[in-house]
Student: 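Submitted below is the structure of interest, expressed as structure tokens.
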Amino acid sequence: MSSTLVLGPESRLVLVDASSFVFRAYHQSLNQDPKYNVRPSDGLPTGAVRLFFAKLFQFVRDGAAGVVPTHLGIVFDKGSRESHRRQLFPEYKANRSETPADLRPQMPLVRAAVRAFGLPVIELDRTEADDLIATYARNAEAKGAEVVIVSADKDLQQLVSPRVRFYDAESGSKGKPGYRPERNLDVDAVVAKWEGLQPDRIGDALALIGDASDNIPGVPGIGLKTAAQLLLAYGSLEALLDGAATIKQPKRRENILANAEGARLSRRLVELDCAVDLPVDPDALALPAPDGRRLVAYLKALELPALAKRVAKELSVDADGVAPDADLAAASAPVPAGDGPALPPFPATEPDAYGIVETRGQLDDWVAAARAAGRFGFHLHRGDGGALGLSLAVEPGRAVYVPVEHRAAGDGLFGGLAAGQIDAAEAWGALAALMEDPEVRKVGHDLKGASKAAGRLGFAIAAADDVGLMSYALESGLTGHELPQLATRHLGGAAPDPEVLRGHGRGRIPAESVAPRAAAPVVGQLADAALRLWAVLKPRLDGTPAQRVYEELELPMVPVLARMEATGVRIDRAALGHLSRDFGSTLARLETEIHGLAGGPFQIGSPKQIGDVLFERLGLPGGRRTPGGQWATGANVLEDLAAAGHDLPARLLDWRRTAKLKSTYADALLAAADPGTDRVHTTFSLAATTTGRLSSSDPNLQNIPVRTEEGRRIRAAFVAAEGHRILSADYSQVELRLLAHLADVPRMREAFAEGVDIHAATASDMFGVPVDAVPGEMRRRAKTINFGIVYGISAFGLSDRLGIGRQEAAEFIARYFERFPGIRDYVEGTKAFCHEHGYVRTLFGRVCHYPGIASGNASERMGVERQAVNAPIQGTAADIIRRAMIRMEGALLKAGLSARMLLQVHDELVFEVPAAGAEATMRVVSDVMAGAAAPDVDLAVPLVVEAKVADDWERAH
DNA sequence: TTCCATGCTTA
DNA sequence: GTAAGCATGGAAC
């Protein structure tokens with residue numbers, strides 16, 4: 001026996017982080033046949049201990065990382081919950097879940113296994129295994145021994161030195177998800193893995209990166225690469241935090257400054273304590289020769305015959321002559337216990353809160369209950385192919401799901417319906433009668449989406465409220481208005497996203513294949529959330545100006561937009577296909593040229609690589625940096641370089657323009673168009689902007705190119721159906737007109753009343769030149785400043801736009817304000833109003849909240865002030881075109897016209913009109929748009945509408 | 001797989 | 001200087 005062997009220069013100490021090993025063994029055991037994971041005689045769980053034993057046996061025999069140990073330390077964790085780190089930071093490892101119930105009874109068995117090998121169990125109250133390992137490692141290192149640390153915990157890589165290596169054993173099985181090959185890290189390997197950081201800087205890196213599993217805060221958004229980059233630049237965490245103000249990337253700088261305390265705390269949490277009391281003398285870790293009989297007795301007690309046989313054979317023991325260890329044989333499985341904390345009132349926790357309807361009788365009962373209540377929350381659950389069912393909430397915490405069109409699991413094309421659903425015609429019939437009943441109020445979210453799905457089923461949704469739009473009318477600018485956000489904000493609980501039902505990754509399934517019983521609690525909660533939100537928001541809305549906005553500018557838009565989306569706009573598939581191929585060959589040609597000019601291939605789509613090529617490899621002058629510290633390669637920069645005679649930047653601009661047109665427009669529109677009708681159906685959002693503008697997505701049809709010749713070829717592919725034409729009508733200078741009204745500028749009002757060129761008139765007033773003698777450059781400057789005012793102007797922005805000095809720009813603005821004092825009053829008055837109230841209003845009473853107006857950060861506060869100055873202008877324009885859209889269908893109907901509204905692009909409406917009625921439609925559309933502010937708002941300037949008819953959108957625009 | 005920065009399209 | 005959405009590359013998770 002060598003148990004007296006003193007730890008010294010000839011020794012090889014292997015330190016095993018037992019707890020991490022046991023956890024890994026446990027999870028590995030879960031992937032195996034459950035019958036191998038329990039003791040047959042009484043069901044005592046043994047899966048983790050079996051794998052742990054096998055691994056320990058391997059360490060004793062073969063060592064780790066090629067090191068056969070003379071000393072072996074098996075170190076356990078006994079202090080995560082009360083360690084000194086907990087005192088520093090109560091949340092430390094607070095998110096660790098409880099030890100699994102079937103692992104807990106195995107822990108004593110694991111310790112027994114260690115003792116069966118003749119080794120001490122190393123553990124110490126209130127001390128984490130990491131600190132014990134660190135102390136043993138430093139101790140042995142000091143004595144000249146070779147050390148291998150076996151752990152899955154990367155924190156321990158801090159200890160790596162010329163004498164200390166880190167070994168992370170293979171986990172999982174080859175070819176299966178989560179498999180990791182073994183890793184054997186010496187100093188060089190650690191430095192490579194940590195992106196150039198020496199082991200003694202790993203603690204700094206860990207403090208920045210944080211660790212979700214240990215609840216170490218770190219700095220959000222910083223990962224290994226960024227941390228290493230920063231630490232190599234600054235030398236250490238302390239130096240980095242002291243010099244954080246000099247970090248170039250603004251986001252990163254603010255982020256680190258804001259989280260500096262968290263990083264300091266994290267640094268202390270990840271610091272290893274190399275001087276804890278050692279519960280076992282290091283010399284006592286000397287590895288004894290294994291006692292085969294004792295090991296076999298252990299394995300027999302756990303009823304692991306295969307392992308017992310193997311150990312007996314390798315250690316030349318007669319297994320038959322060994323009796324099971326009596327104490328262990330008597331150990332039995334304890335009964336686990338424990339229950340979670342009380343849940344919040346939403347979502348409801350009663351087991352029958354979110355039920356399911358399976359019979360006609362039940363359905364009739366619920367419909368009757370909804371009618372009796374006079375209002376109910378609902379969620380029309382939809383899959384790719386349309387409505388799947390409807391959930392109803394008749395009172396908070398009580399909802400039910402009526403599944404109708406779910407498919408049976410595993411059935412594809414020809415699959416039948418899922419079991420337990422009422423006949424579709426019957427179910428939809430009863431539900432449609434309820435949804436169309438004007439006497440019962442329906443409360444939902446995304447009413448537009450629900451209305452479209454209902455429309456496909458042949459019914460409308462009458463007397464409905466949309467809690468998302470209610471929230472938008474009340475709190476635009478304060479929060480998002482999606483159901484989960486509203487639930488968190490107002491109900492104190494999280495509403496589910498129905499997408500969770502489909503799972504993710506490879507197991508993702510269509511919504512219609514989800515079992516009705518699985519869907520019921522989720523969609524039931526959505527109906528419940530809608531009803532509860534209504535109960536919160538309705539009292540806040542009633543009797544306020546926001547109520548009128550909701551009722552007159554939000555809700556009436558729902559059916560209008562639903563019809564526009566359902567109608568879609570026709571594209572010329574052949575033309576777009578031709579364009580795509582054209583763009584493709586242009587790109588291929590440009591790519592060759594660019595690579596040639598650059599002296600080698602690179603990702604042309606990568607701004608980072610472009611910067612490297614232009615400013616590093618080719619050394620072009622005049623490079624600027626982006627806010628993120630990279631080389632800026634935006635169009636401005638490339639244009640300057642191209643103007644200086646460089647070919648490569650010019651080709652890059654061509655490439656970017658062409659790539660944009662191909663991928664964002666030609667290809668995306670072809671992919672989006674309905675293959676049967678060649679029509680593209682966008683989705684308009686009513687509640688996506690702070691100002692009241694709409695937004696368009698999937699695809700966005702509000703940013704179709706128009707400025708360049710090539711781009712207009714895309715727009716020309718938006719065509720009318722046979723026998724029809726495209727009508728485009730847009731407001732002329734609407735925002736400047738509104739500025740003239742809001743700021744009450746007599747000269748501007750007159751110019752608009754007389755129909756003279758507003759920018760020339762501005763220039764004339766500013767520089768005392770007759771309107772018809774204003775030079776082009778002067779007019780351009782006036783135009784820029786006019787737009788600048790609408791956008792909340794700053795001398796900085798104006799100087800950038802005009803290419804003049806900051807000082808000159810400031811003088812320019814001063815002169816403008818001198819000539820148009822009303823505008824200065826408007827700008828200053830609007831800022832003051834926003835500072836006082838935290839919001840601004842449009843002329844129609846829409847509120848736009850700007851909580852950031854009170855920011856202590858001057859540049860941020862000025863940014864919010866610009867938003868506040870712009871919002872009444874942009875928002876009033878948005879309100880006006882909404883009014884036009886709401887009135888449009890009635891006006892066309894009244895005139896006996898059958899034009900269909902297709903798109904809204906902020907100041908423009910696009911229609912598809914029967915060729916014969918184009919002229920008459922143009923008059924009606926123009927009249928409705930021009931008169932849209934009246935009667936609520938009496939504008940001091942006329943609204944002018946320009947309309948045109950053609951065969952495609954490009955020529956109509 | 002998800003998120004961020006960059007760049008580009010529109011009003 | 002305002003308001004949006006989307007493609008791409010690259011890093012984080």
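Below, read A as the first sequence line, B as the second, and so on, with proteins coming before strands; counting in each chain starts at 1.
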Student: Could you tell me how far apart A:Q603 (CD) and B:dG7 (C1') are, to the nearest whole angstrom?
Tutor: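 Spelled out: CD on A:Q603 to C1' on B:dG7 is 16 Å.
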Student: With a non-hydrogen cut-off below 4.0 angstrom, is A:D698 in contact with a base, only sugar-phosphate, or nothing?
Tutor: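 Contact class for A:D698: sugar-phosphate only.
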Student: From C:dA3, C:dG5, B:dT9, pick the nucleotide closest to the side chain of A:S697?
Tutor: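 Of all the options, the side chain of A:S697 is nearest to C:dG5.
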Student: Scan A:A878 against the nucleic acid and name what it touches under 4.0 Å (heavy atoms): base, sugar-phosphate only, or nothing.
Tutor: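 Nothing, no heavy atom under 4.0 Å.
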Student: Any ion pair linking A:E499 and A:R508 (charged N to carboxylate O, less than 4.0 Å)?
Tutor: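 So A:R508 pairs with A:E499 through a salt bridge.
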Student: Please report the distance, rounded to the nearest Å, between CZ in A:R502 and P in B:dT1.
Tutor: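 My rounded result for the distance is 13 Å.
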Student: Between B:dT9, C:dA12, B:dT10, which one does the side chain of A:K225 approach most closely?
Tutor: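 For the A:K225 side chain, the nearest candidate turns out to be C:dA12.
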Student: Go through the steps for A:N636 and A:D640 under the test side chain to side chain donor-acceptor pair (under 3.5 Å), then give the verdict.
Tutor: CA-CA 6 Å; A:N636 276 340; A:D640 288 350; over 6 Å; no
Student: Does NZ or CZ of A:R781 fall inside the cone over A:F812's six-membered ring, less than 6.0 Å from its centre and within 45° of the axis?
Tutor: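 Judged by the rule, A:R781 and A:F812 form a cation-pi pair.
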Student: Between atom CD1 in A:I804 and atom P in C:dG1, what is the gap in whole Å?
Tutor: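 Rounded to the whole Å, the gap is 13 Å.
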Student: Below 3.5 Å is the cut-off: list the nitrogen or oxygen pairs between protein and nucleotides 2-5 of chain B, distance only.
Tutor:
unit_1: B:dA5; atom_1: OP2; unit_2: A:K251; atom_2: NZ; d: 3.4

Student: What nucleotide among C:dG1, C:dA11, C:dG5 has an atom nearest to a side-chain atom of A:L798?
Tutor: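 The listed nucleotide nearest to A:L798's side chain is C:dG1.
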Student: Taking the side chain of A:N870 as heavy atoms from C-beta outward, which of C:dG1, C:dA12, C:dA3 is closest to it?
Tutor: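 Out of C:dG1, C:dA12, C:dA3, the nucleotide with an atom closest to A:N870's side chain is C:dA3.
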Student: At under 4.0 Å between heavy atoms, what does A:R693 touch on the DNA or RNA strands: base, sugar-phosphate, or nothing?
Tutor: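 Touches a base.
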Student: As a test of reading the structure: which of C:dA12, C:dG1, C:dA4 is closest to the side chain of A:I793, going by heavy atoms?
Tutor: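 So the nucleotide nearest the side chain must be C:dG1.
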Student: Quick one: label A:T690 by what it contacts on the DNA or RNA (base, sugar-phosphate, nothing), any heavy atom closer than 4.0 Å.
Tutor: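 Result for A:T690 = sugar-phosphate.
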Student: Indicate, with a heavy-atom threshold strictly under 4.0 Å, whether A:K660 touches base, sugar-phosphate, or nothing.
Tutor: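 It contacts base atoms.
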Student: Could you check whether A:E710 pairs with A:R657 (Lys NZ or Arg NE/NH1/NH2 to Asp/Glu carboxylate O, under 4.0 Å)?
Tutor: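 Answer for the salt bridge query: no.
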Student: Under 4.0 Å from OP1 or OP2 of C:dG9: is there any side-chain N or O of A:Q609 that close?
Tutor: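 Looking at the OP1 and OP2 atoms of C:dG9, neither is under 4.0 Å from any side-chain N or O of A:Q609.
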Student: Is the shortest distance from a Lys or Arg side-chain nitrogen in A:R713 or A:D582 to a carboxylate oxygen in the other one below 4.0 Å?
Tutor: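 Counted as a salt bridge, because a side-chain N and a carboxylate O are separated by less than 4.0 Å.
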Student: When all nucleic acid strands are considered with a 4.0 Å heavy-atom cut-off, which category describes A:L661: base, sugar-phosphate, or nothing?
Tutor: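 The answer is nothing, as A:L661 stays clear of every strand by at least 4.0 Å.
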Student: If I take atom CG in residue A:N636 and atom C1' in nucleotide B:dC8, what distance separates them, rounded to the nearest angstrom?
Tutor: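 Rounded to whole Å, this separation is 12 Å.
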Student: Below 4.0 angstrom from OP1 or OP2 of C:dG10, is there any side-chain N or O of A:S606?
Tutor: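 Result: yes.
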Student: Using a heavy-atom cut-off of 4.0 Å across all strands, would you classify A:T784 as base, sugar-phosphate, or nothing?
Tutor: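 Base contact - A:T784 has a heavy atom under 4.0 Å of at least one base atom.
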Student: Taking the six-membered ring of A:W631, is the NZ or CZ of A:R625 close enough (under 6.0 Å from the centre) and on axis enough (within 45°)?
Tutor: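 Output yes; distance and angle both within limits.
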Student: Which nucleotide in the list B:dA11, C:dG1, C:dA7 gets nearest to the side chain of A:H906?
Tutor: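 Of the options given, the side chain of A:H906 lies nearest B:dA11.
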Student: Base, sugar-phosphate, or nothing for A:R707, non-hydrogen atoms under 4.0 angstrom?
Tutor: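 Base contact.
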Student: Is A:T664 near enough to B:dT9 that one of its side-chain N or O atoms lies under 4.0 angstrom from OP1 or OP2?
Tutor: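 Answer is no, no contact under 4.0 Å.
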Student: Hey, mind stepping through A:T633 and A:R656 against side chain to side chain donor-acceptor pair (under 3.5 Å) and telling me if it holds?
Tutor: CA-CA 11 Å; A:T633 69; A:R656 281 215 184 128; 2.8 Å; yes
Student: For A:V869, which contact category applies under a 4.0 Å heavy-atom criterion: base, sugar-phosphate, or nothing?
Tutor: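 Nothing: the residue A:V869, judged by heavy atoms under 4.0 Å, touches no strand.
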Student: What's the CD1-C1' distance between A:I714 and C:dC6, to the nearest Å?
Tutor: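 Checked: the CD1 to C1' distance equals 14 Å.
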Student: Can A:Q874 and A:T691 be counted as having a side-chain donor-acceptor contact under 3.5 angstrom?
Tutor: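 A pair is found: one side chain offers a donor N or O, the other an acceptor, under 3.5 Å apart.
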Student: When you check the phosphate oxygens OP1 and OP2 of C:dA4, does a side-chain N or O of A:Q702 lie under 4.0 Å from one of them?
Tutor: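 A:Q702 to C:dA4 OP1/OP2: no side-chain N or O under 4.0 Å.
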Student: Just to be sure I understand the rule, does A:N703 reach a base, reach only the sugar-phosphate, or reach nothing, if contact means heavy atoms closer than 4.0 Å?
Tutor: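 Touches a base.
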Student: Looking only at N and O atoms, is any donor in the side chain of A:Q874 or the base of C:dT2 less than 3.5 Å from an acceptor on the other one?
Tutor: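 Counting by modelled atom types and ignoring angles, a donor-acceptor contact under 3.5 Å is found here.
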Student: Measure from CD1 on A:I610 to C1' on C:dT8 and round the result to the nearest Å.
Tutor: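 About 11 Å, once rounded to whole Å.
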Student: Assign A:F796 to base, sugar-phosphate, or nothing according to its heavy-atom contacts below 4.0 angstrom with the strands shown.
Tutor: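 Touches sugar-phosphate only.
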Student: Does A:G605 reach a base, just sugar-phosphate, or nothing at all? Heavy atoms under 4.0 Å.
Tutor: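 Answer is sugar-phosphate: A:G605 comes under 4.0 Å of backbone atoms only.
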Student: Using atom CG of A:N255 as one end and atom P of C:dA11 as the other, report the distance to the nearest whole Å.
Tutor: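 Checked: the CG to P distance equals 17 Å.
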Student: Once you apply a heavy-atom cut-off of 4.0 Å, does A:A659 come out as touching a base, just sugar-phosphate, or nothing?
Tutor: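 Since no nucleic acid heavy atom lies under 4.0 Å of A:A659, the category is nothing.
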Student: What does A:I704 touch in the nucleic acid at a heavy-atom separation under 4.0 angstrom: a base, only the sugar-phosphate, or nothing?
Tutor: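 If one applies the 4.0 Å heavy-atom cut-off, A:I704 turns out to touch the sugar-phosphate alone, with no base involved.
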Student: When you get a sec, tell me which of C:dA4, C:dA7, B:dG7 is the closest nucleotide to the side chain of A:S663?
Tutor: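 Among the listed nucleotides, the one closest to the side chain of A:S663 is C:dA7.
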Student: Is it the case that the side chains of A:T830 and A:R841 hold a donor-acceptor pair, with the cut-off being a distance below 3.5 Å and no angle test?
Tutor: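 There is no such pair (donor and acceptor under 3.5 Å, judged by atom type) between the side chains of A:R841 and A:T830.
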Student: Using a 3.5 Å distance criterion without hydrogens, assess whether the side chain of A:R712 forms a donor-acceptor pair with backbone atoms of A:R707.
Tutor: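 Yes; judged by distance alone, with no hydrogens or angles, the pair exists.
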Student: Does a side-chain N or O from A:S696 land closer than 4.0 Å to OP1 or OP2 of C:dG5, or not?
Tutor: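 No, outside the criterion.
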Student: Expressed as a whole number of angstroms, how long is the span from A:F718:CZ to B:dT9:C1'?
Tutor: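 In whole Å, B:dT9 C1' lies 12 Å from A:F718 CZ.
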